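Have a look at the structure below, then the notes.
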Amino acid sequence: MEYNFREIEEKWQKYWADNQTFKAENKSDKPKFYVLDMFPYPSGAGLHVGHPLGYIASDIYARYKRHKGFNVLHPQGYDSFGLPAEQYAIQTGQHPAVTTEANIKTYRKQLDKIGFSFDWSREVRTSDPNYYKWTQWIFIQLFESYYCKDADQARDISELINVFEAEGNGRINAVCDDEVEIFTAEDWKSYSEEEQQNILLKYRLTFLSETEVNWCPQLGTVLANDEIVNGVSERGGHLVVRKKMMQWSMRITAYAQRLLDGLDKIDWPQPLKDSQTYWIGRSEGAMVSFNIDGFENKIDVFTTRPDTIYGVSFMTLAPEHELVSKITTAAQKEAVETYVKATAKRSELERMADVKTISGVFTGAYALHPFTGKKIPIWIGDYVLAGYGTGAVMAVPCGDERDYAFAKHFGLEIPNIFEGVDISEEACSTKEGVKIANSDFLNGLTYKKAMKTIIHEIEKRGFGFGKINYRLRDAVFSRQRYWGEPFPVYYKNGLPQMIDKQYLPIVLPEVEKYLPTEDGKPPLGNATIWSWDTSKNKVVSNDLVDNITVFPLELNTMPGWAGSSQYFNRYMDSQNDEEMFSKEAINYWQDVDLYIGGSEHATGHLLYSRFWQKFMFDKGFVPTDEYAKKLINQGMITGTSAFVYRVEGENKFVSKGLKEDYKVQQIHSDVSFVNTSDELDVEAFKNWREEYKDAEFILEDGKYIVGREVEKMSKSKYNVVNPDNICEEYGADSLRLFEMFLGPLEQSKPWKTSGISGVYSFLKKLWKLYVVNGEFSVSDATPTKDEFKTLHKTIKKVEEDIANFSFNTSVSTFMIAVNELTALKCNKREILEPLAIIIEPYAPHIAEELWSKLGYSTSVSTADFPIFDSKYLVESSKVYPVSFNGKMRFTIELSLDLSKDEIEAAVIAHEKTQEQLQGRIPKKVIVVPGKIVNIVG
RNA sequence: GCCUCGAUGGCGGAAUUGGUAGACGCGCUGGAUUCAAAAUCCAGUUCUGGCAACGGAGUGUGGGUUCGAUUCCCACUCGAGGUACCA
């Protein structure tokens, strides 16, 4: 009767699958509880030990909630569109659908081996047409909506059209593009269909606009910031430039305030809320227009300090600003153009991070100060970002550190507008308690009053208005990729048209090559059957395009976050073909009670999904406008990454010790090519990727030594450890316990497989409690006081731990309990039965096996959780630590019935106290009954 | 740069409201069992002085509050994550 985990785990995994033990019903008398994991991207590398960390935690929670009488929804699926599959397709020619399917199979096998209590009947895959049908459907809903500021919600675009027809847009208070012009009902009716559609696009919640991207001409593709290292592409080391492209965007900015306000309603980690708050970046200030000397154009700036407007001594435009080329004088043309080109090579991140180098160029043009009429020079500088605000700042060097540094560097004027403040060394950016001076009607006013006065004045004089600005930008929703959701969109005279929802899904077309086309179109430009026939309502060959009934389809695809923005709702009724989910399902499950996932999604998925949820709420599809009540961020598991050093511009790699002699880029190598002495298996590395096949290696002492760094464990960093071998060698229960035992769920922690033997021997010890002389056997005798005490303190601690998501300490508690019960030689049913139940959420296989051996024919997962009874933990005495000046010197056991004075008397009388005092008289004796005694003196 | 998190023995970590620092586990040392090994069991294991009894120091660094600080406050150092197309 040995603990045979292989046999046990296989048996119970099969039992759960055969009996659909964890299938959740959409109806129940029990209260509902929805436990959600962030679903994985099924990479070719398979699951690594970092993935299951959160899944194990949520599984423990889900299993515990079942014991506590809840109807638990605990689904799982795959975020199966994404770049790596496409990259692989480009390299090997294999269809991403094929590799994705294979990867999913691997993932499923790996997940099954860990014994999760998922309801697999609800599985979703974002790349499945039956799933992305609903992603496309939401896109259409967004297209057919605008944001009404009066109602503060999304409304049907037809309402807007009705108003346009009746009275034009003069009184419309809606979120829209900046440059919408005012028109009357008559104007509207006189517009052509095309003009009308163009206007509507400026209001729709998803719309086409020109946006900046990282363009890599050599690769013919747009790159993620992540794919760019030191300004060149990670793959191949090619040049990357900023380029404007016509793309779909989502008007998430319409929801900025509600996304901010909603954070107060949800129990999410404060750091995560902080990063969303910062991301949304609300600031109050004013829009001010500056005329340009000798031009019709104006420069609009947003400023949070309009009260300092008299301190403006120059203006800075983002180098990408549209007016730059227009206003630059002939004398400055060359310098400006060189600077603009240089800026295009720098990423936004670099530009933001680099505050030390001050750079900029004078355009030669001057703006006119709106109040004084003074000529102020217009500069360009890369510290101004095109995408933020208006891409222009009014520089007030005396009140802003960056403007101050810029002015000092270029010798520009720094007028002081603060009363009695010395600005000879640094700018004064404090708002409170500083009075404004040299500012005409603002003189003597403090910040708050000055703000009110100036905004009023700006509005009165008509060159601006008070405004709340958000850092949040509209989200770019187009990707020039193959492996993503196709848009349900075709183009008629260049205008986007939605395909009616009854014809969804629009299925991703087949292509010969997954690369962009030769003329720079996205990969879908390679598809030959990718046009929309409006009479037959189906996708047809491109040869049939006549722009009368057959039109070209959209060539971009949707981004990675599209599919994950509503999947949590789809799980509620994932097999529904008629609707995204039925009313009954959504009304029963409502929202997610516990969501576990990584904090790296803070401003991506977790913000976009809140936005879509609010939109769905506005449209009446869902009952709540926040979809997850509580969220826990599991910390990452870190791995030790390996790096190789590529000589810039060459396919040559130098060993770590020699890298100082070359100009190199640091590139990840897969850790599996590296041995324990950091030596690279050069052949394995060469075979890894086509581009490395002919690479040269410069060795030291005949070896290639890699660099090592601790980073998060991630497929993109090639430093993953696979859980399969662990399951094979120690079993899933050991893996589950070990992952939890590593440390606090929410903190990051390094992975080291060697520690697993501890939890493994714990399971063997647990098993032995139920075995006498090699046979399974428990006694029906009444447990002793000590045995009950062990059981009940374990129940108490484990329940507290689960409530606090402190799963690591539960594992210790189990170990202590088993150690104690082993020492007590406890074999009593009355103790061992509840013990099996409380361990079940953590180690379900062994618990099931013990439970069935105890004589039960139903799954232990359905058993009620044992009830804690405090009577077993009542103590009559306490071992008091006695401290002298805060240092513990000895302990003394005293009855808990003693009063403070009695305790003090007993301690003072103790011989060791006299020893410690050596004749001194204590100044003070602190007695905290039940806790400590501290003697001062 | 900015935002966020973290730092405790050789290692992962524990200490629930400010009250015995190092629970539990890994590793290591010694022992039992064994022909031997694995497995298992027993004892020890923060550093330091000492044969020992018993001392001294100690939770990244420097200050502060307190009878008492890993815990609270201030100023730093180092590491990690995010920073808008990795998912």
Side-chain angles (χ1 to χ4, degrees), chain A residues 38-41 43 79 81-84 87 213-214 221-228 247 269-272 274-275 277-279 348-356 387 471-473 475-481 559-561 564 598-605 607 633 635-636 638 709-712 714-717 738 741-744 746-752 754-759 761-762 764-765 768 797 800-801 804 806 808-809 811-816 819 879-891 922-926 928 930-937:
Chain A
M38 288 185 189
F39 59 171
Y41 171 78
S43 79
D79 192 8
F81 271 134
L83 269 183
Q87 219 57 262
V213 295
N214 299 312
T221 181
V222 172
L223 298 176
N225 282 345
D226 193 58
E227 297 173 285
I228 303 167
Q247 311 208 62
Q270 195 54 42
L272 198 157
D274 289 349
S275 79
T277 304
Y278 174 71
W279 198 255
E348 273 195 21
L349 184 58
E350 272 179 85
R351 286 166 61 179
M352 283 189 290
D354 185 7
V355 292
K356 285 180 194 128
R471 204 175 77 102
L472 184 73
R473 300 176 211 163
V476 180
F477 199 67
S478 295
R479 297 291 182 269
Q480 294 71 43
R481 309 284 187 189
W561 56 270
S564 57
S599 61
E600 63 272 27
H601 300 284
T603 50
H605 160 62
L607 194 62
N633 286 135
M636 335 154 274
T638 52
E709 268 175 41
V710 171
E711 289 184 300
K712 76 167 176 178
S714 155
K715 58 193 182 292
S716 63
K717 302 195 189 298
F738 185 55
F741 192 54
L742 280 180
E746 297 177 71
Q747 276 171 30
S748 73
K749 44 212 166 261
W751 180 267
K752 229 173 134 188
S754 58
I756 199 165
S757 63
V759 293
S761 44
F762 155 74
K764 285 194 282 194
K765 273 192 227 167
K768 276 192 194 152
K797 176 79 174 128
E800 284 167 359
D801 285 344
N804 294 326
S806 174
N808 54 326
T809 49
V811 180
S812 305
T813 303
F814 290 137
M815 288 175 171
I816 293 166
N819 289 346
V879 178
Y880 280 93
V882 180
S883 302
F884 291 80
N885 298 317
K887 275 257 173 224
M888 205 280 286
R889 297 299 171 180
F890 65 92
T891 57
K923 281 191 198 128
K924 202 170 177 185
V925 178
I926 313 270
V928 184
K931 291 252 162 122
I932 54 111
V933 177
N934 189 20
I935 296 168
V936 186

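Being a predicted model, the structure only gives us computed values, none of them experimental. Proteins get letters first, then strands, A, B, ... in listed order; numbering begins at 1 in each.
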So what does [X] touch, heavy atoms closer than 4.0 Å: a base, only the sugar-phosphate, or nothing?
X      : value
A/S757 : sugar-phosphate
A/S883 : nothing
A/W279 : base
A/H601 : base

Can you find a donor-acceptor N/O pair under 3.5 angstrom joining the side chain of A/Q247 to the base of B/rC85?
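Counting by modelled atom types and ignoring angles, a donor-acceptor contact under 3.5 Å is found here.
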With a 3.5 Å cut-off and just heavy-atom distances, do the side chain of A/Q480 and the base of B/rC85 make a donor-acceptor pair?
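Yes.
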[X] [atom1] to [Y] [atom2] distance, which is reported to the nearest 0.5 Å:
X      : Y      : atom1 : atom2 : answer
A/M38  : A/H605 : CE    : NE2   : 5.0 Å
A/S599 : A/E746 : OG    : CD    : 10.0 Å
A/T277 : A/L272 : OG1   : CG    : 9.5 Å
A/F738 : A/K752 : CZ    : NZ    : 9.5 Å
A/T813 : A/D801 : OG1   : CG    : 5.5 Å

Atom-to-atom span, [atom1] of [X] to [atom2] of [N] - whole angstrom:
X      : N      : atom1 : atom2 : answer
A/F738 : B/rG27 : CZ    : P     : 10 Å
A/N808 : B/rC26 : CG    : C1'   : 15 Å
A/Q747 : B/rA14 : CD    : P     : 7 Å
A/M636 : B/rU4  : CE    : C1'   : 12 Å
A/R473 : B/rC85 : CZ    : C1'   : 12 Å
A/M38  : B/rA87 : CE    : P     : 15 Å
A/F814 : B/rA14 : CZ    : C1'   : 16 Å
A/K752 : B/rC28 : NZ    : P     : 10 Å

Please examine the side chains of [Y] and [X], heavy atoms only from C-beta on, and report whether any two atoms are closer than 4.5 Å.
X      : Y      : answer
A/Q247 : A/F477 : no
A/F884 : A/F890 : yes
A/R481 : A/F81  : no
A/L742 : A/W751 : yes
A/N804 : A/T809 : no

Residue [X], side-chain atoms from C-beta onward, closest of [options]:
X      : options                : value
A/P750 : B/rG25, B/rA23, B/rG13 : B/rG13
A/V928 : B/rG19, B/rG13, B/rG25 : B/rG19
A/D274 : B/rC26, B/rU4, B/rA15  : B/rU4

A/Y880: ring pair (Phe, Tyr, Trp, His ring centres under 6.0 Å) partners, not counting sequence neighbours
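A/Y880 satisfies ring pair (Phe, Tyr, Trp, His ring centres under 6.0 Å) with no other residue.
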Before you tell me yes or no, could you show the steps for A/K924 and A/N934 under side chain to side chain contact (heavy atoms under 4.5 Å, CB included), namely the whole-Å CA-CA distance, both residues' side-chain angles and the distance that decides it to 0.1 Å?
CA-CA 8 Å; A/K924 202 170 177 185; A/N934 189 20; over 6 Å; no
Taking [M] as the reference, what is the distance to [N] when you measure between their [atom1] atoms (whole Å, please)?
N      : M      : atom1 : result
B/rA14 : B/rG9  : C1'   : 13 Å
B/rA15 : B/rC72 : P     : 14 Å
B/rC51 : B/rU40 : C1'   : 34 Å
B/rC26 : B/rC2  : P     : 44 Å
B/rC41 : B/rG19 : P     : 35 Å
B/rG62 : B/rA23 : C1'   : 31 Å
B/rC24 : B/rU34 : C1'   : 30 Å
B/rU20 : B/rC74 : P     : 25 Å

Tabulate protein N/O versus nucleotide N/O from nucleotides 43-48 of chain B, keeping only pairs under 3.5 Å, one per line.
none

Between A/K764 and B/rU40, is there a side-chain N or O to OP1/OP2 distance below 4.0 Å?
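Looking at the OP1 and OP2 atoms of B/rU40, one of them is under 4.0 Å from a side-chain N or O of A/K764.
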For nucleotides 53-59 of chain B, which of its nitrogen or oxygen atoms have a protein nitrogen or oxygen under 3.5 Å away, and what is each distance?
| from | atom 1 | to | atom 2 | distance (Å) |
| --- | --- | --- | --- | --- |
| B/rG56 | OP2 | A/R889 | NH1 | 3.0 |

Check nucleotides 16-18 of chain B for protein N or O atoms closer than 3.5 Å to its own N or O atoms and list the pairs.
| from | atom 1 | to | atom 2 | distance (Å) |
| --- | --- | --- | --- | --- |
| B/rU16 | N3 | A/E800 | OE1 | 3.1 |
| B/rU16 | O4 | A/E800 | OE1 | 3.4 |

Tell me whether A/R471 contacts the main-chain N or O of A/Y278 through its side chain, where contact means a donor paired with an acceptor under 3.5 Å.
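Here the side-chain-to-backbone pair exists.
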Both A/N819 and A/P271 contact RNA chain B. Taking the nearest nucleotide for each, which residue is further toward the 5' end?
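The residue mapped nearer the 5' terminus is A/P271.
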Starting at the 5' end of RNA chain B and moving along, which residue's nearest nucleotide shows up first, A/V759 or A/M888?
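That would be A/M888.
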Looking just at side-chain N and O atoms, do A/N819 and A/K765 make a donor-acceptor pair shorter than 3.5 Å?
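A pair is found: one side chain offers a donor N or O, the other an acceptor, under 3.5 Å apart.
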Between N or O atoms, less than 3.5 Å apart, protein on one side and nucleotides 65-73 of chain B on the other: list the pairs.
| from | atom 1 | to | atom 2 | distance (Å) |
| --- | --- | --- | --- | --- |
| B/rC67 | O2' | A/N934 | ND2 | 3.3 |
| B/rC67 | O2 | A/N934 | ND2 | 2.8 |

Taking only Watson-Crick and G-U wobble pairs with both distances under 3.5 Å, what dot-bracket line describes RNA chain B, where [ ] shows pairs that cross earlier ones and | shows pairs with another strand?
(((((((..(((......[....)))((((((.......))))))((((....))))..(((((..]....))))))))))))....
